[in-house]
A.B. asks: 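Please find one structure pasted underneath; my questions will follow.
All residue numbers refer to positions in the sequence shown, counting from 1.
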Amino acid sequence: MFTLDRHPSGRHFLQIPGPTNVPDRVLRAIDRPTIDHRGPEFGDLGRAVLSDIKQVFQTEAPVVIYPSSGTGAWEAALVNTLSPGDRVLMVETGHFSGLWCRLAGRLGLEVELIEGDWRHGADPARVRASLEADAARRIRAVCVVHNETATGVVSDIAAMRAALDAAGHPALLMVDAISSLGAIDYRHDEWGVDVTVAGSQKGLMLPPGLSFNAIGPRALAAADTARLPRSYWDWREMLGPNRNGYFPYTPATNLLYGLHEALSMLREEGLPSVFARHRRHAAATRAAVAAWGLELVCLAPQGHSPALTAVLMPGRQGADALRRTILERYDMSLGQGLGRLADQAFRIGHLGHFNDLTLCGTLAGVEMGLAAAGVPHQPGGVQAAMARLASEPAPAAFY
C-alpha cells in the first residue's frame with residue numbers, strides 16, 4: 001500500500017518578484033516543436049523578436065539576446081566594454097547591486113562603491129561628486145540598478161545621465177533593468193543609457209533563460225578596444241548573424257517562441273497601459289500595507305516600485321516564518337528578504353501577467369497569513385486596496 005503526496009486544489013499563487021506567472025498564451029507558444037535554428041523559418045522568428053524587443057527598451061540601438069540568466073547579461077555588459085584594471089563606479093541600492101559589484105571585482109575590475117542604506121535609490125549628487133573627483137578619468141563605467149528587486153526601490157536613470165553630463169565625464173552609463181523592463185517605463189535612448197541589462201522572467205512574462213543587452217553607440221565603440229576576455233558573451237559574434245535573424249550558437253528556440261508571443265501581448269495592451277497598470281497595482285498594495293500598520297522598506301515616495309513592494313516585519317524578524325505559514329496554508333509564495341534584509345522583510349510581486357483579482361487574492365493571502373502567524377497588524381488591508389482600485393478603475397478587458 002502506498003500514499004500519494006497531497007496536492008492542493010487550485011492554482012499556486014506565485015507572487016515573488018520574479019520569476020513571474022507565465023501567461024497561458026506564452027506557455028502555448030513555447031509548447032511547439034523545435035525547428036532548425038539555421039533554417040528560414042527560424043530566421044523569420046529571429047528577425048521578428050530582435051526587432052520587436054527594441055520597442056520595450058524604447059531604443060533604436062541593437063539588442064542582443066543570450067540564453068542565460070540576468071547574471072550573464074551583467075557580465076556581457078562589462079566584458080564587452082572594459083579592460084583589466086579599469087575602474088567602475090557602482091551604486092549600492094540593495095542585494096542585486098551588490099552582486100553586480102562582486103561580479104565586476106571577480107572580472108579584474110577596480111570597483112569604487114557608493115554605499116547606500118537599501119531604502120533609497122541612487123543619489124545623483126553623490127555620483128556627480130565621485131565623477132568630478134576623478135580628475136584622471138579612471139572611471140570607465142557607472143553601474144546602476146533601475147529597480148532593485150530586493151528592496152522595491154527605483155532609481156532615477158534620467159538623473160543619473162544628467163549627473164554624468166554635469167560632471168563632464170566620459171564614463172559609460174550601464175543600467176540593470178532586469179526587474180523593470182516591461183513593467184516600469186524605461187527609455188534607453190532618451191535617458192542616454194549606454195548598456196541596458198535585462199532578463200526574461202520578470203515583466204516580459206517568460207520563464208527564466210533569456211537575457212538581453214541593449215547597446216548604445218558609445219558602448220559599441222568601446223567594444224573595439226575592450227580587453228577583458230570574452231567569447232560566449234562577445235557582442236561582435238552576435239551582431240553579425242543577428243542581422244539575418246540568426247545566432248552564433250544554438251539559441252533557446254522555444255523561449256524565443258514565447259518571447260514573440262509575450263511581445264505581442266505587450267503591444268496589444270500598449271506600453272503606456274502596461275506601465276499604468278503596474279503603478280495602479282503598486283499603489284493599491286501600498287494602501288494595504290499602510291492599513292496593516294506595517295512599514296515599507298522604501299522610504300522615498302518617488303522611489304516606490306511599481307513592480308514589487310518590500311515590507312518590513314514588526315520587530316525586524318520572523319519574515320521567513322510568515323512566508324512559510326502563507327505557503328503551507330494558502331499555497332502562495334512571497335519573496336524572501338535578501339542580504340541584510342534576511343528574515344526581516346517579505347516581498348510582494350505584482351508585475352507581469354497580473355490583474356485586479358490576482359492582486360486582491362494575493363493581499364487576502366497576506367492578510368490571512370499575518371493573522372495565522374500571529375504577526376501584530378491591523379485588519380483591513382484588503383479593503384483598503386479594493387477602495388484604492390475602485391477609485392481608479394482599470395480599463396475594460398478586451399478579448
A.B. asks: Please list all pairs meeting side chain to side chain donor-acceptor pair (under 3.5 Å) that have one or both residues in residues 217-228, counting only residues at least two apart or in different chains.
C.D. replies: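 The answer is D194-R218.
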A.B. asks: Evaluate W118 against H95 for side-chain contact (heavy atoms from CB on, under 4.5 Å), listing each step before the verdict.
C.D. replies: CA-CA 8 Å; W118 289 36; H95 181 70; 3.8 Å; yes
A.B. asks: Should D134 and R137 count as an ion pair when the cut-off is N to O under 4.0 Å?
C.D. replies: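 Result for this pair is no, no salt bridge flagged.
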A.B. asks: Side chains of T358 and N355 only: does a donor on one sit below 3.5 Å from an acceptor on the other?
C.D. replies: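 Short answer, yes.
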A.B. asks: Looking at R230 and D234, is any side-chain nitrogen of the basic one under 4.0 Å from a carboxylate oxygen of the acidic one?
C.D. replies: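 The answer is yes: the pair qualifies as a salt bridge.
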A.B. asks: Given I215 and V63, is the side-chain contact (heavy atoms from CB on, under 4.5 Å) satisfied, shown in steps?
C.D. replies: CA-CA 6 Å; I215 311 164; V63 178; over 6 Å; no
A.B. asks: Does the pair R187/D185 count as a salt bridge with the N-to-O cut at 4.0 Å?
C.D. replies: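 Counted as a salt bridge, because a side-chain N and a carboxylate O are separated by less than 4.0 Å.
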A.B. asks: Thinking salt bridges, do R161 and D165 make one under a 4.0 Å N-O criterion?
C.D. replies: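 Here R161 pairs with D165 in a salt bridge, since their nearest N and O are under 4.0 Å apart.
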A.B. asks: Would you compute the distance between atom CG of D44 and atom CD1 of I35 and round it to the nearest 0.5 angstrom?
C.D. replies: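 Going from CG on D44 over to CD1 on I35, the span is 8.5 Å.
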A.B. asks: The criterion is ring-ring contact (aromatic ring centres under 6.0 Å, His included); which residues satisfy it with W233, sequence neighbours excluded?
C.D. replies: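 W233: ring-ring contact (aromatic ring centres under 6.0 Å, His included) contacts with Y66.
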A.B. asks: How many angstroms lie between atom CD1 of I139 and atom CG of L172, to the nearest 0.5 angstrom?
C.D. replies: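 Atom-to-atom, I139:CD1 and L172:CG are 12.0 Å apart.
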A.B. asks: Decide whether T309 and H350 meet the rule of one side-chain donor and one side-chain acceptor closer than 3.5 Å.
C.D. replies: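 Note: T309 and H350 side chains meet the donor-acceptor criterion.
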A.B. asks: Check for me whether R32 meets the cation-pi criterion with Y257, that is, NZ or CZ under 6.0 Å from the six-membered ring centre and within 45 degrees of the ring axis.
C.D. replies: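 Judged by the rule (NZ or CZ under 6.0 Å from the ring centre, within 45° of its axis), R32 counts as positioned above Y257.
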A.B. asks: Please confirm whether Y186 and H146 have ring centers closer than 6.0 angstrom.
C.D. replies: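 Ring centres of H146 and Y186 closer than 6.0 Å.
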A.B. asks: Do the charged groups of R119 and E148 touch, with an N to O distance under 4.0 Å?
C.D. replies: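 No, no charged N to carboxylate O under 4.0 Å.
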A.B. asks: Establish, from distance only, whether the side-chain atoms of N213 and T196 form a donor-acceptor pair under 3.5 Å.
C.D. replies: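 The answer is no; no qualifying pair exists.
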A.B. asks: Decide yes or no for R280 and E392: does some side-chain heavy atom of the first lie under 4.5 Å from some side-chain heavy atom of the second?
C.D. replies: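 Counting from C-beta outward, R280 and E392 do come under 4.5 Å.
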A.B. asks: When you look at K202 and I178, which way does the side-chain contact (heavy atoms from CB on, under 4.5 Å) test go after all the steps?
C.D. replies: CA-CA 7 Å; K202 311 277 187 176; I178 291 174; 4.0 Å; yes
A.B. asks: Which residue pairs satisfy the salt bridge (Lys or Arg N to Asp or Glu O under 4.0 Å) criterion with at least one member in residues 49-69, sequence neighbours excluded?
C.D. replies: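 Qualifying pairs: D52-R267.
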A.B. asks: Would you say the ring centers of H281 and F354 fall short of 6.0 Å from each other?
C.D. replies: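 Ring centroids of H281 and F354 are less than 6.0 Å from each other.
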A.B. asks: Distance only, no hydrogens: is a donor on one side chain within 3.5 Å (strictly under) of an acceptor on the other, for H120 and D117?
C.D. replies: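 Yes, side-chain donor-acceptor contact under 3.5 Å.
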A.B. asks: Answer yes when R138 and E110 have at least one side-chain N-carboxylate O distance shorter than 4.0 Å, and no when they do not.
C.D. replies: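 Yes, charged N to carboxylate O under 4.0 Å.
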